[in-house]
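Below: the structure, in structure tokens.
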2 protein chains.
Amino acid sequence: MGIADVASMAGVSHATVSRVMNGNTTVDADIAARVRAAASELKYKPNPVGRSLALGKTDTIGIVVPDLSNPTFQAILRGLSIAAARDGYRVLIADSSEVSSEEAILAGEARRRCDGVVLCAPRMSDADLEELAPTLYPLVLINRTTESVPTPSLVVDYGQGIQELAAHLVELGHRKLAYLTGPDRSASNVQRLRGLEKFTAEFPDVELQFIPGGNTFDAGFESSDAVAACGATGILVFNDVAAMGLLSGLSERGIRVPEDLSLTGFDDMPFARYTMPPLTTAAVPISDLGDLAWRRMREQIQTNDAASPTNYFPPRIELRGSTGPVKA
Amino acid sequence: MGIADVASMAGVSHATVSRVMNGNTTVDADIAARVRAAASELKYKPNPVGRSLALGKTDTIGIVVPDLSNPTFQAILRGLSIAAARDGYRVLIADSSEVSSEEAILAGEARRRCDGVVLCAPRMSDADLEELAPTLYPLVLINRTTESVPTPSLVVDYGQGIQELAAHLVELGHRKLAYLTGPDRSASNVQRLRGLEKFTAEFPDVELQFIPGGNTFDAGFESSDAVAACGATGILVFNDVAAMGLLSGLSERGIRVPEDLSLTGFDDMPFARYTMPPLTTAAVPISDLGDLAWRRMREQIQTNDAASPTNYFPPRIELRGSTGPVKA
DNA sequence: CTGAAAGCGCTAACAT
DNA sequence: ATGTTAGCGCTTTCAG
């Protein structure tokens, strides 16, 4: 059931079958009909691998994610997959399981199997990224940028978001804040820290301390004691997941939110609005991100040109119940 | 930078390069070294498409899911992807966006690009599934079974789980129960209904009514009034997501859980234990599912034999705060 | 408008 | 032990 069978059944050459299957209109109508009849009779569908080899393209793009259990990457994957599907492209996944040394290898492999790669590599060093990027073209970066090679980047402005959250706490009267940090080597954690530097420059009278945290529910949960002891009244947590963990830990210790402590998350995950109390957070338009990632990829595939600016996504602050006026 | 370049640089034939790249030990050590030197000099990596065409395999498996935003399928995808990666296989995604007519087409396409397909098609009719299954071999089914063709199936015993949840409510003294249903055509909803039939047979004195619901947060939320009005004191909800929606809606209406109403979910999603109150639910070992799906797939790929039994996964009941004794 | 033939990059049987 | 050759399934020049 290859092209040859259809050809012999229709009494024509492979070439003609190929032409018909690809909608080449220079084929005689009668012959085309005969070919189509044979094809549907044999339920023939062109072999994509053969096609890929001949055409030099696979109609597939790869996405490298550090961790598929992270809702952010799930949402990007979903947006990307749906957008790509609309244009007849498929998505191949590579989960690096948070092992940054694997990211480069996986990305390279994915690139060889696919027509392009979307890379989410928050832990990779800048140097490695600069070296890797040119070998991956067409490439779309998520939450990273490159200096040497121009590469379309989609970056969420975490610094801006956390500044706004901090300013919100100040507005509520909080003067002692703490940031429960994310993973040390996380690029987006660094961006938040930079944003907080600007914040302290702008509000020199506000005290801001840093508590080591993480990006997991458990990390947040286990920071409860440190947070409770630190004396701050407004807590900026790395992300929603950790914030929920903290929320849970605080609740177990009888510390009320927002009466005793105000708390902010980051990401606006689906369930952030349904925690108790609902989480004040910064909404990241992640499904748009996946969608736009595909558009940037398509541009490169179509025009063969990587010259595309970095897109910054300003988070939208969602004021909910986990923040309130400082205790008198 | 294909195999030919390496061959000419090393002064040997393509065939020898191929042998070296594939670890064929019959190659002279010196020549092998020369080839490897040339390969690394040119940063040569075999083209997977060419390889696939020659070998008739792609080292890729496809997974068809109805909706990537559903935590269940995310977890299966993740488990599958990680397990497959351990054996050097990659995963190609096809999201049917809950359009059941797309499922068959996507599955067929995926199969042509991949060495096998894992199919999650809860909405597809039995007839369509029976027809499709033989064309997809090697195939692993999730939460579906076939009659005509033997196909490895992994099915969560939803009927068993919901029976146990209902029995738990009875034990707490509830005599008026309601089931907030899932999507009509969902196979797993049908299984729950069957389980509930057995339940009513076993507990004829317990009243059980059915309220149309859905599988989304909003569906649960919007059912709040119907649930509040139905007179039941124990509510079995299709899944955790809908249960959280209902929880939220009830809370807005001032109905307390579990004091006024007991509530159960299904799936034990990551955040089920962190709702307010924490959700009593049936835990489905979904990441094991992804893992096992890969093992079943690998068996078929290796032995070329589909004869594998259906695996039933009994859910584990998680008793939490959303269920309590019936109001006196 | 159609067929013959080359070629995409690789593997493997065959021959030396 | 290595090179030559065929072939995986398809597209696409090139002749006719």
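Proteins come first, then strands; the chains are lettered A, B, ... in the order of their sequence lines, and each starts at number 1. Bear in mind the structure is a predicted one, so any value in this text is a computation, not a measurement.
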Is any side-chain nitrogen or oxygen of A:R51 closer than 4.0 Å to OP1 or OP2 of D:dT11? yes

C:dA5 P sits how many Å from A:I3 CD1, rounded? 17 Å

Between A:A15 and B:A29, who's closer to the 5' end of DNA chain D by nearest nucleotide? B:A29

Closest approach to the side chain of B:T16, judged atom by atom: which nucleotide of D:dC8, D:dT2, C:dT11 is it? D:dT2

Interatomic distance where CE belongs to A:M1 and C1' belongs to D:dC8 [whole Å]: 12 Å

Between the side chains of A:T146 and A:E130, does any donor sit under 3.5 Å from an acceptor? no

Would you say D:dC10 has OP1 or OP2 under 4.0 Å from some side-chain N or O of A:S18? no

What contact category does B:V12 fall into here, base, sugar-phosphate, or nothing, at under 4.0 angstrom with non-hydrogen atoms? sugar-phosphate

Separation of B:H14 atom NE2 from D:dG3 atom P, in whole Å? 10 Å

For atom CE of A:M21 and atom P of D:dC10, their distance in whole Å: 9 Å

May I ask you to evaluate whether B:N47 reaches the phosphate of C:dC8, defined as a side-chain N or O under 4.0 Å from OP1 or OP2? no

Among the nucleotides D:dA1, C:dT2, D:dC10, whichever has the atom closest to the side chain of B:D28 is D:dA1

Does A:V27 reach a base, just sugar-phosphate, or nothing at all? Heavy atoms under 4.0 Å. sugar-phosphate

Test item: side-chain donor near acceptor, B:R113 and A:N47, under 3.5 Å: no

Is it the case that the side chains of B:N143 and B:Y158 hold a donor-acceptor pair, with the cut-off being a distance below 3.5 Å and no angle test? yes

Give the rounded distance in Å between these two atoms: CZ of A:R19 and C1' of D:dT12. 8 Å

D:dT11 P sits how many Å from A:N24 CG, rounded? 11 Å

Atom pair distance, as rounded to whole Å: CD1 in B:I31 and C1' in D:dG3: 11 Å

For A:E299, I'd like to know if atom CD has over 12 heavy atoms of other residues, nucleotides or ligands within 6.0 Å. yes

Reckon B:G2 touches a base, only the sugar-phosphate, or nothing at all at heavy-atom distances under 4.0 Å? sugar-phosphate

B:T26 side chain N/O closer than 4.0 Å to the phosphate oxygens (OP1, OP2) of D:dA1? no

As an exercise, state the distance from SG of B:C114 to CZ of B:R90, rounded to the nearest 0.5 Å. 11.5 Å

Length of the NZ-P vector between A:K45 and D:dG9, whole Å: 17 Å

